Amino acid sequence: MPEEELHGIRIHLDQVLAERGMTLTELSARVGITVVNLSVLKNGRAKAIRFSTLSRICDVLHCQPGDLITHDPTQPPA
């Protein structure tokens, strides 16, 4: 991976979904985003996320962005 793509961003969508007892399919239907796109985000393969998407996910999951995304610069990307 090129140096400019290295980052320490971690996505915790799977953990938040488990805490809420919600499936990715249910989140997809409620947010209006495809399961495939949510899966890319959940698995840490997304390169970006729109604030409007993040806001809709937070609305549905009743959480804050920091519950879904953390930064740990000491950890290389997964």
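The structure displayed is predicted, hence computed values, not measured ones.
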Heavy-atom closest pair, residues Pro65 and Cys58: N-SG, 3.6 Å
Nearest non-hydrogen partners of Thr34 and Asn37, listed with the distance: OG1-N, 3.0 Å
Qualifying salt bridge (charged side-chain N to carboxylate O under 4.0 Å, His left out) pairs with a residue from residues 31-40, counting only residues at least two apart or across chains: none
Partners meeting salt bridge (Lys or Arg N to Asp or Glu O under 4.0 Å) with Arg20 (sequence neighbours left out): none
pair [X]-[Y]: side-chain heavy atoms closer than 4.5 Å:
{"X": "Ile11", "Y": "Leu68", "value": "no"}
{"X": "Met22", "Y": "Val60", "value": "yes"}
{"X": "Leu27", "Y": "Leu13", "value": "yes"}

Using 0.5 Å steps for rounding, measure from the [atom1] atom of [X] to the [atom2] atom of [Y].
{"X": "Ile49", "Y": "Leu54", "atom1": "CD1", "atom2": "CG", "answer": "4.5 Å"}
{"X": "Ile57", "Y": "Ser52", "atom1": "CD1", "atom2": "OG", "answer": "9.5 Å"}
{"X": "Leu17", "Y": "Leu61", "atom1": "CG", "atom2": "CG", "answer": "5.5 Å"}

Joint hydrophobic cluster, Val40 plus Val35, side-chain heavy atoms closer than 4.5 Å: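 No, Val40 and Val35 fall in different hydrophobic clusters.
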Residues which pass side chain to side chain contact (heavy atoms under 4.5 Å, CB included) with Asp14, listed by chain and number, not counting sequence neighbours: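 Checked Asp14 against side chain to side chain contact (heavy atoms under 4.5 Å, CB included); matches are Lys42.
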With sequence neighbours excluded, residues passing side chain to side chain contact (heavy atoms under 4.5 Å, CB included) with Ala29: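 Here no residue qualifies.
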Main-chain N/O of Arg45 paired with Asn43 side-chain donor or acceptor, under 3.5 Å: no
Residue pairs passing the side-chain hydrogen bond (donor to acceptor under 3.5 Å, both in side chains) test where at least one lies in residues 55-71, sequence neighbours excluded: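 Sorted pair list: His12-Thr70.
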Pair listing, side-chain hydrogen bond (donor to acceptor under 3.5 Å, both in side chains) test, anchored in residues 23-33, at least two apart: none
